[in-house]
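Naming: A, B, ... by sequence-line order, numbering from 1 per chain.
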2 protein chains.
Amino acid sequence: MALDRSSLIPALKNVAAQLRIDSIKSTSEAGSGHPTSCCSAADLVAALFFAEMRFDPKDPRQPESDRFILSKGHAAPVLYAAWAETGAFDRSELLKLRTIGSDLEGHPTPRLPFVDVATGSLGQGICAAVGCALNARRIKSDYRTYVLLGDGESAEGSVWEAADVGAMNGLDNLCGVTDVNALGQSRPTMWQHDMEQFARRWRAFGWHAIVIDGHDLNAILDAFAEARQTKGQPTMIVARTIKGKGVSFVEGKDGWHGKAFKKGEELDRAVAELDKQFVSASVNLIQNIPKPPTPRPAGSPKPVAPPAYTLGEEIATREAYGVAIAKLGEADPRVVALDADVKNSTFSDKFEKALPDRFYENFIAEQVMIGAAMGLAARGAIPFPSTFACFLSRAYDFIRMAAISNVSIKMAGSHAGVSIGEDGPSQMALEDLAMCRAEPNITVLYPCDGVSAERLVALAAYHPGPAYIRTSRPKTPVIYANDETFTVGGLKVLRESANDVATVIAAGVTVFEALKAYDQLKASGTSLRVIDLYSVSPVDRDALVRAGRATGGRLITVEDHYAAGGIGDAVAEAVANAGLTVHRLAVREIPRSGKADELLDRFGISARHIVEAVRVVASDRPVGAAR
Amino acid sequence: MALDRSSLIPALKNVAAQLRIDSIKSTSEAGSGHPTSCCSAADLVAALFFAEMRFDPKDPRQPESDRFILSKGHAAPVLYAAWAETGAFDRSELLKLRTIGSDLEGHPTPRLPFVDVATGSLGQGICAAVGCALNARRIKSDYRTYVLLGDGESAEGSVWEAADVGAMNGLDNLCGVTDVNALGQSRPTMWQHDMEQFARRWRAFGWHAIVIDGHDLNAILDAFAEARQTKGQPTMIVARTIKGKGVSFVEGKDGWHGKAFKKGEELDRAVAELDKQFVSASVNLIQNIPKPPTPRPAGSPKPVAPPAYTLGEEIATREAYGVAIAKLGEADPRVVALDADVKNSTFSDKFEKALPDRFYENFIAEQVMIGAAMGLAARGAIPFPSTFACFLSRAYDFIRMAAISNVSIKMAGSHAGVSIGEDGPSQMALEDLAMCRAEPNITVLYPCDGVSAERLVALAAYHPGPAYIRTSRPKTPVIYANDETFTVGGLKVLRESANDVATVIAAGVTVFEALKAYDQLKASGTSLRVIDLYSVSPVDRDALVRAGRATGGRLITVEDHYAAGGIGDAVAEAVANAGLTVHRLAVREIPRSGKADELLDRFGISARHIVEAVRVVASDRPVGAAR
């Protein structure tokens, strides 16, 4: 039931005072944190939680509840204080802020049930909010998504990627608030309190912009109401605030960013000031929080038809990826695909053709593509964002935060390695395995043919946590039967005999170089074990050790990737204590344009190099000595 | 001498026709490439090269010459055609486009003398252009910088980071051109030919915007003149163009992105159409290109005073970094520093205080910070961009392109690892070594104390190519004498004896954990070799092997970094064929907030874990078995 303003405003004032007190006390107890960044936002947060959003404090993940993303993650204490105020947990927990035993971390993470995605790397929360808003459409819900940004944060390019994608999709269920407190970490922000700088940018990007005083609760409530009534475009509320608001001796003062009040006199003085700001009020705001409607039952996935290739048929793994996600999408309403204007190269256009409503075009903006996928995943979708593998590096900070969030985004990167040929190094991913393997919880899969591509995409979809699928540009022959089974952490032994002199471990395009090397050596009477390491992280340590021990302790890795952080390192660490020797063939310099085969050879990862490496290791000469 | 329009325009028309023909012929010969993206830009490029810029075709790197950056790098053939047209090289070279023997690659790289930075990852060239324009100020030159963007490219957030930084610095020596051909790779662009969408964005971001018909040479020349006369802000010329302009059967047609004309009838028909577009003209445009003035002599660097610390003094390496760049900057006018609003945490504010004119604030926008550094480095500056190490991941695609460009940017990342403590995982860099080591030409240095920090910064400054310096948040004691010498690719043996049971290889904060472990083990009669691996890439293989062989073949690495791609992998690859065993201590899960010491211990990299690892490896039990 809607409260009238005369009873609502005093109650909200008290909430805001309490949020400020809690933010200050908890950071002082922790000895670090950002109390002044909390104080500027306290009125906005109070209004959002206690007069705007619908949610259940005891079940924050409820699918129909409104979302709140704190894009300015360093204001975490005010977020925690707000949830404590709703009764979600006991206020005494706040004083454990930033301690190793508490989930109330320095910046929010989804260890907490009311956090969708980790924030703290600025400019990301708004991208995730776009994903949450797209998800509402997917599940046909009218829940709204709110996101609180800092003014300094608005310098991040990703914010403007989100602005474009939000406007283009007409996301009127998305409402941003920019807390313009005019002070960054190290100095005043670029535009300080020139509110028009913000408003004209958001308007230029197609948003409805409302400029308000961010400490005027009436204006805040009016702005939220106006946003709710704005159709066909998202709204950005640009709120003029004072950093440290409520504590006179720090209000608007530089040098107070990320600084806790000293316990004792300093803290006491701040709290005493805030204590005086409580006013007479009687309404119970917690009871007044609207509960979300009962969620619709989610559709359950249908079975997916097995791959339908013919052995020897030539198909690029990137194309099989497109086939795979379209099939998955038809079977499971949670599956969605995101593109950055390369859908005809990654073949995600196959998904778009089949399921246009669940295909999200981001144009050439990889950060919001990954960020939106994070928001979608946090709300129960299974998102497949894809682009050229090299351009996923554009979103590495998002991928890092997706790992911290442990959200189930399923990234796919096509055009891996020098095997793309003529386009040259700017289009070649040669560090993507290193990038994704570095994160301890990203599953990294690398198919070499159509069947494994289709199977690995399905595995990735239902394996918990983030995953990365690496695909290749060139067509390669299908080597697996359609009913072949694959597992996360598995590998395939493609060639073996009792007298193999070494094991060659390949993946993707180098599997075929290894098979060529096998044939060549076989002709001269030498036999070789060949492994397809389709699961790059995790790897099957036991199988690698077994193969190594059966082949004279000699492992040779060959990868269309730079030498550091890829397959060679993955294998070497896995077998580190097994007494085996790992010889690595990888790209060891900046490559250049040329034909794919020329490049594989020039940069040391062709069949010829494998044959040479086998001859050298089998004779126990140091690899490379003969060159 | 200025030509009048009546003689200039026909001559430019002919240049444009020739650029189109060359772009089409060269891509057809290559069998791939983007001829239609070249055709839309041909008039703009013709006017820039033959009626606007000052340069010497035989000496494109001349310090006083105007710069042209092709941000839409896939239009490389029109760039190559333009330089051929100036006489920089023979036109017949164009037909070697994209072949392995030619430097005319699929996308431009600085292998070519007229390319400042590699482009082909969209949204980066304009960031580098900001750096080129800042450099003009540094050397007090009036050279101008031009940058050609695609319309699709404008969706990249980095473009808007560059827009902000360009406007904030009032870079009226910077002129952008957006080639609005309305067609992206996979579909029409977001705004197609709605020119106002572009103009209002640039105006909102503080640029002077001029909308023109990009095929009207008079309008193009007028716009360049207007840009030259615009003071206090950069100009963006928003040019309406037709993709494939000049070849009627592809003009404005979707499905022709990145597609060469088929040799034979298709190519012949296109060229025949273009051949008819030549008009009567008599002036020699090459002679008319204004030559740049003679460059001022560059100042030569003065000697830098050695570090001035006391053994045992506590100072964070990030603070020593600030001291070091300020000293270097005072000594060498080429040294500049760039920040992303964390200068008081990275201590780059020490540089700002000493040399405010060569300190470039980018606010919270890491992509343009690295991109501008690339442009500055390409023009002879020695730029030190710095931020929290984790936020360098925001610019990984730029770092990748900096590696391809082999530009001498000197990146510094502070707050590495879990040792930052309470701020939590979003602020901890745990994949930065993996990220930088993956690139084959990035030098990676990691000081542990004030002296090594200062020495390594100076080493990085004058070592060719890109470099990354990793610094830490906590204060650590100075362990090196001020006259200690360091080398790229070196290491320091800190403790050794004739009966060491294992070698512990540490860097940064873990050096002190290793020294603690040494003391503890020493007390119980076990001796240990301790290495400070301050040069992480390259590493001193011989010294590592020597240490391993002298200590029972047992190497233990310990790093405040995730397990993949860091110091463990660097050491393991270096010693791969030496018969040593490498045991790795590293962070193996997503960390959390807590005190620095608690986190080092909780995540397996404290002295306690080193002691345990030494006991286990020395007893030849598998590491971890006792846990």
Side-chain angles (χ1 to χ4, degrees), chain A residues 30 32 98 100 105-107 118 120-122 152-153 155-158 160-161 164 168 184-186 190 200-201 204 341-344 363-365 367 393-394 396-397 400 404 422-427 431 434 437-438 440 562 564-565 569 572 576-577 581-582 588-590 592-594 598 622, chain B residues 30 32 98 100 105-107 118 120-122 152-153 155-158 160-161 164 168 184-186 190 200-201 204 341-344 363-365 367 393-394 396-397 400 404 422-427 431 434 437-438 440 562 564-565 569 572 576-577 581-582 588-590 592-594 598 622:
Chain A
S32 64
R98 291 175 161 244
I100 198 165
E105 300 195 68
H107 294 76
S121 180
L122 294 171
E153 177 174 10
E156 286 285 9
S158 56
W160 304 103
E161 295 183 11
D164 269 339
M168 190 178 52
Q185 170 176 324
S186 72
M190 204 179 322
R200 75 176 193 226
R201 279 170 173 77
D341 190 21
V342 287
K343 64 189 178 192
N344 55 344
F363 294 94
I364 309 176
Q367 296 185 89
S393 66
R394 197 60 159 263
Y396 192 24
D397 196 23
R400 181 179 78 86
I404 291 171
E422 291 83 354
D423 274 340
S426 66
Q427 318 294 301
E431 54 285 280
R437 276 189 65 242
Y562 286 138
D569 281 353
N577 296 324
T581 308
V582 181
R588 290 182 183 273
E589 59 182 302
I590 304 289
R592 57 190 301 136
S593 291
E598 288 172 344
Chain B
S32 65
R98 291 175 162 244
I100 198 166
E105 298 195 68
H107 294 76
S121 179
L122 294 171
E153 176 173 9
E156 286 285 10
S158 57
W160 303 102
E161 295 185 9
D164 269 339
M168 189 179 52
Q185 171 177 324
S186 72
M190 204 179 322
R200 76 177 192 223
R201 279 170 173 77
D341 190 21
V342 288
K343 64 189 178 192
N344 55 345
F363 294 95
I364 310 176
Q367 297 184 90
S393 66
R394 197 61 158 262
Y396 192 24
D397 196 23
R400 181 179 77 86
I404 292 172
E422 291 82 354
D423 274 340
S426 66
Q427 318 295 300
E431 55 284 280
R437 276 189 66 242
Y562 286 137
D569 281 353
N577 297 324
T581 308
V582 182
R588 291 182 183 274
E589 59 182 302
I590 304 289
R592 59 190 299 135
S593 290
E598 288 173 344

Enter the distance from B:Asp397:CG to A:Ser426:OG here, rounded to the nearest 0.5 Å.
9.5 Å

Out of curiosity, B:Trp160 CH2 to A:Trp160 CH2, how far, rounded to the nearest 0.5 Å?
10.0 Å

Under a 3.5 Å distance rule, please check whether A:Gln185 uses its side chain to pair with a backbone N or O of B:Asn344 as donor and acceptor.
no

Indicate yes or no for a side-chain donor-acceptor contact from B:Asp341 to the backbone of B:Ile364 under 3.5 Å, with no hydrogens or angles considered.
no

Between chain B and each of A:Ala30, A:Ala155, A:Gly184, A:Ser32, count heavy-atom pairs under 4.5 Å; write down the option with the most.
A:Ala155

Taking side chain as everything from C-beta outward and backbone as N, CA, C, O, which of these in [X] sits under 4.5 Å from a heavy atom of chain A? Side chain, backbone, both or neither.
X	answer
B:Val582	backbone
B:Glu422	both
B:Ala576	both
B:Met190	both
B:Glu153	backbone
B:Ser121	both

Which heavy-atom pair separates A:Tyr396 from A:Ala438 by the least distance, and what is that distance?
OH-CB, 3.9 Å

Testing the basics here: between B:Gly106 and A:Ser593, what is the closest heavy-atom pair and its distance to 0.1 Å?
N-OG, 2.9 Å

Only pairs of heavy atoms separated by less than 4.5 Å count here; which of [options] has the most with chain A?
options	value
B:Arg394, B:Arg592, B:Gln367, B:Arg98	B:Arg394
B:Ser393, B:Gly157, B:Ser158	B:Ser393
B:Glu161, B:Glu105, B:Glu431, B:Glu156	B:Glu156
B:Met168, B:Glu589, B:Arg437, B:Arg200	B:Arg200
B:Pro425, B:Ala365, B:Gly565, B:Ala434	B:Pro425

